Student: 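This is the structure I want to talk about, given as structure tokens.
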Amino acid sequence: MPSWVQPMTQKFKPFLTLRICLLVLFYFNSLCMLQNGKMLRRIKSHDVAIVCLNWAEDEPQSKTDKDGLLSYEDRTTRFFPPAPVVPRIGGLSSGDTCLGDENEESIQEFSSASCQRFNILCSGDKDGCICFSIFGIFPVGKININEVPIHVQSSGSKASYRLQDASISKVSLSGNLHKLVLLCSGKLIDIDNISHSNDISGGLHCLHLDTSIFFNRKNELHQVSQQASSIQYLVEVVRASISMMAKQWSGAMNLFNEKFSVLPSLITAHGMESSSEDEFMSLLFGTRTSPALHQFLVSSLGEAALKRIAKSVDSAGRELRVVVSEHLQPAVEIISFRLAELRGLARWRSRFQNIGLDEKLIDGVTERIGMLVVQVERFSRVTATVLYLFQNFFSWVLKCVKILLSEPTDQVPAANSEFVVLFLKFLLDKDPIKQLLDADQRFECHLDTAKHLEQLVVLGGFTDTHFLERSLMKQFNELEESLKEAFSMPFTTISSQIHCQALLPLYPITSLVDLSSTCNLTSVSFYKQDEDSQHSGPSYRLTDYICFKIPDGSLNLRNCIGVIKDFSNSSTSTPSLSGFLLRIPDEYECVDLSLYKDSQIVVLLSERSCSDNPGRSYIVMLQTENFSFVPLSKIFPSNIYSIQELAALELQLDTDYGKVRSVPHAVSTPLAVSASRGVACVFSSRRHALVYILDEDEDEDEDEVSDME
């Protein structure tokens, strides 16, 4: 081991080693809670694998004086209890349902945006799409970098370019939400002169996108996303509730139909021409039981089977009542209230029309949620009636079976005539609960009811007077479609206001395999220009840093790292683009790199070993202030790759460039660092995750080492 590493090895040790089963969650586009590994939601904005994520929270320094005047209180908690959670099937543990109690609390806290600072999740995929989601839940924009026009200044005139076959490598949204810097690989095409496009080979490019719409309208977006994110979560509660009720009731009815489907075959076997309804009519009115019905009740059905069916239906009925009262009904009522809040915001056209909140569309959604509230009430009443009929039916049939088994008679007690009519109506209508949960089912509305609905339109009732002809599931599907249309307007409006401001090609890639690869070693982040600065408001300046490993052979360089800063600020009147090149010693290989806090760079190095035994690895923390940034010109495209202007500096690991830490394992990508927690996570070749403290105090560490010895 080199002497310059030995003194620091004991002062730096992993505080956590975990054997993990690596799961490629990006291919499932799932957002998971790091603390417990539970899936919070699926990201539906991407059609392909997500490559990178960046979560940006609004900086306190970026607040303006008018923010206090436009503060918005979420009043839902003043009128409603806590939002319901997704129902679970009784008897199953949290592991069986993939939604434990602790995860439900996480989802509710994650979805409740009332106390959160405004934040945006940026996600990029391998097809060049970048999606923006407020609070990580409400999608508010999407950019396909292959379709974004890129206008650059070239020799006093503007030139237009576009990217082809681009794949996102890294994205970073500034803390003041004004700008986004992204790194992507792809081919750069000259739109104005296609014949010269071959002169610009494919490579890694850096783009600056203007996202000032997020800052300029963050108050409006915050208010809308507060309601919309909660509505989307509650819609999932409604969907899960309806799905669970359908499964629970279907299971009970399958058992019921399995036993009672024997009766028609017995009627046919005895040469009778009556139907099951006719036979039960005779039974319920107290006339003599036919041989077929007698055999069915005594032999085919029996007392034990009848009790089992009754218990199954009763259990399903209790589950339905619980789901309706504790999940479905509270969810639709809170959705109704939140949509009414959105409706009020939509009427403030001067502020909310600019972000795509359409009053007409919100009015349509508000009416549909009102219809769903009525449908839930109807379902609750129908369920209560059907369960009452079943309870009385099973009780009476059980009494009949006991009489037929105990006495040699073919006569049984008569039933109430009103009960007969109601129960036969249930049999003839083929299960109204199932029909209400079937999206394809339609009902005939009574003429008097239809007339009353038309009269209520004048008094402010629903304009759609045929909604009672639809089932509960159909009404929910229509609500989802209208919500999708209403929420797509802010999505489209915000997307159209995000533009490309600048382009910087970093290095060429000649291999088609390397060009399509998403394994480019890159990192991008924003830092405050001056930690002691007291600037506030939209003029608060952030400096972007871009770090990347240049592939061997590209730009005639080998084993080099490039660092560039102030790319997004170079479009101002005083360009400040600068950078430096760092050449790693030949005996080491750069495995991965990442920007850290205070303009530091963390580089993961591995020894090149000719033997079968893997060499050691090192975590190197570099202070960029120890290197001289050289100004770079932006003459485009005559000098396509500005990095060529830089002379590579030799990285001497035995100098004071930064701290060097030893990792006693061969490592692989990726390297992950957390500036807020001061830790780095590396993956060893043995499928271990090693988490290291980066900012531990050396004196305190020496005490810990002596105690351990």
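Since this is a predicted model, take the numbers as computed values, not measurements.
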Student: Please round to the nearest 0.5 Å and tell me the distance separating atom NZ of Lys218 and atom OG of Ser225.
Tutor: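 The distance works out to 13.0 Å.
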Student: Let's go through His222 and Phe135 carefully: what are the C-alpha distance in whole Å and the side-chain angles of both, what is the deciding distance for ring pair (Phe, Tyr, Trp, His ring centres under 6.0 Å) to 0.1 Å, and is it a yes or a no?
Tutor: CA-CA 9 Å; His222 194 164; Phe135 306 124; 5.4 Å; yes
Student: Take Gln441 and Arg470, measure what side-chain contact (heavy atoms from CB on, under 4.5 Å) needs, and give me the verdict at the end.
Tutor: CA-CA 7 Å; Gln441 185 66 42; Arg470 295 187 285 270; over 6 Å; no
Student: Kindly give the heavy-atom pair with the smallest separation between Ser495 and Ile143, and that separation in Å.
Tutor: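 Closest approach of Ser495 to Ile143: O-CD1, 3.4 Å.
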Student: Could you tell me which non-hydrogen atom of Ala49 sits nearest to which non-hydrogen atom of Asp125, and how far apart they are?
Tutor: O-CB, 3.1 Å
Student: Without hydrogens or angle criteria, can the side chains of Arg338 and Thr76 be said to hold a donor-acceptor pair below 3.5 Å?
Tutor: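 Yes.
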Student: Minimum heavy-atom separation for Leu453 to Thr465, with atom names?
Tutor: CD1-O, 3.3 Å
Student: With no hydrogens and no angle check, is any side-chain donor or acceptor of Gln375 less than 3.5 Å from a backbone partner on Phe467?
Tutor: yes
Student: Could you walk me through whether Glu367 and Thr463 pass the side chain to side chain donor-acceptor pair (under 3.5 Å) test, one step at a time?
Tutor: CA-CA 8 Å; Glu367 176 168 296; Thr463 56; 2.8 Å; yes
Student: Look up atom NE2 in His327 and atom CZ in Arg88, then write down how far apart they are to the nearest 0.5 Å.
Tutor: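 The CZ atom of Arg88 is 8.5 Å from NE2 of His327, to the nearest 0.5 Å.
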Student: Parallel under 30°, tilted from 30 to 60°, perpendicular over 60°: which one fits the rings of Phe352 and Trp348?
Tutor: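 Phe352 vs Trp348 ring planes: tilted.
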Student: Do Phe214 and Phe118 make the cut of ring centroids closer than 6.0 angstrom?
Tutor: no
Student: In this structure, is the centre-to-centre distance between the rings of Phe487 and Phe491 below 6.0 Å?
Tutor: no
Student: Check whether Phe462 forms a cation-pi arrangement with Arg368 (NZ or CZ under 6.0 Å from the six-membered ring centre, at most 45° off the ring normal).
Tutor: no
Student: Please confirm whether the backbone N or O of Leu468 pairs with a side-chain atom of Arg378, one donor and one acceptor, at under 3.5 Å?
Tutor: yes
Student: Is there a side-chain contact (heavy atoms from CB on, under 4.5 Å) between Leu320 and Val323? Walk through the geometry before answering.
Tutor: CA-CA 5 Å; Leu320 261 60; Val323 171; 5.9 Å; no
Student: Just verifying a value: how many Å separate Ser123 OG and Ile50 CD1, rounded to the nearest 0.5 Å?
Tutor: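 Between atom OG of Ser123 and atom CD1 of Ile50 there are 5.0 Å.
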Student: Measure the spacing between CG of Leu328 and CZ of Arg239 and express it to the nearest 0.5 Å.
Tutor: 13.0 Å
Student: For the residue pair Pro490 and Leu357, what are the closest heavy atoms and their distance?
Tutor: CG-N, 4.3 Å
Student: Does either side chain, that of Ser471 or that of Gln435, offer a donor lying less than 3.5 Å from an acceptor on the other one?
Tutor: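 The answer is no; no qualifying pair exists.
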Student: Could you go through Asp58 and Asn119, starting from their C-alpha distance and side-chain angles, then the distance that decides it, and tell me whether this counts as side-chain contact (heavy atoms from CB on, under 4.5 Å)?
Tutor: CA-CA 6 Å; Asp58 181 29; Asn119 59 80; over 6 Å; no
Student: Measure the CG-OG1 distance between Leu361 and Thr366 for me, rounded to the nearest 0.5 Å.
Tutor: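 These two atoms lie 10.5 Å from each other.
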Student: Step by step, work out the salt bridge (charged side-chain N to carboxylate O under 4.0 Å, His left out) result for Lys484 and Glu481.
Tutor: CA-CA 5 Å; Lys484 183 178 179 181; Glu481 289 297 322; 5.4 Å; no
Student: Parallel, tilted or perpendicular, judged at 30° and 60°: which one describes the rings of Phe337 and Phe79?
Tutor: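 The arrangement is tilted - the two ring planes meet at 30° to 60°.
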Student: I would like to know whether Arg381 and Glu377 meet salt bridge (charged side-chain N to carboxylate O under 4.0 Å, His left out); could you show each step before the answer?
Tutor: CA-CA 6 Å; Arg381 295 187 179 188; Glu377 178 64 25; 3.0 Å; yes
Student: Step by step, would you call Arg318 with Asp314 a salt bridge (charged side-chain N to carboxylate O under 4.0 Å, His left out)?
Tutor: CA-CA 6 Å; Arg318 282 188 280 107; Asp314 180 68; 3.2 Å; yes
Student: Answer yes or no: does atom NZ of Lys142 have more than 12 heavy-atom neighbours from other residues, nucleotides or ligands under 6.0 Å?
Tutor: yes
Student: For residues Thr493 and Gly356, report the shortest heavy-atom separation together with the two atoms involved.
Tutor: OG1-CA, 3.4 Å
Student: Start with the C-alpha gap between Arg349 and Glu359, add the side-chain angles, then the distance that decides, and say whether salt bridge (charged side-chain N to carboxylate O under 4.0 Å, His left out) holds.
Tutor: CA-CA 8 Å; Arg349 300 182 186 88; Glu359 180 183 358; 2.7 Å; yes
Student: As an exercise, state the distance from CG of Asp464 to CD of Glu469, rounded to the nearest 0.5 Å.
Tutor: 8.5 Å
Student: Which residue is it: Trp55, Phe132, Phe138? I am looking for the one with a side chain to side chain contact (heavy atoms under 4.5 Å, CB included) to Ile120.
Tutor: Phe132
Student: Kindly give the heavy-atom pair with the smallest separation between Val85 and Val237, and that separation in Å.
Tutor: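 Nearest heavy atoms, Val85 then Val237: O-CG1, 3.6 Å.
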Student: Quick test of your reading of the model: are Glu220 and Arg217 salt-bridged, counting only N-O distances below 4.0 Å?
Tutor: yes
Student: Check the pair Leu221 / Val140 against side-chain contact (heavy atoms from CB on, under 4.5 Å), numbers first and verdict last.
Tutor: CA-CA 9 Å; Leu221 290 171; Val140 75; 3.8 Å; yes
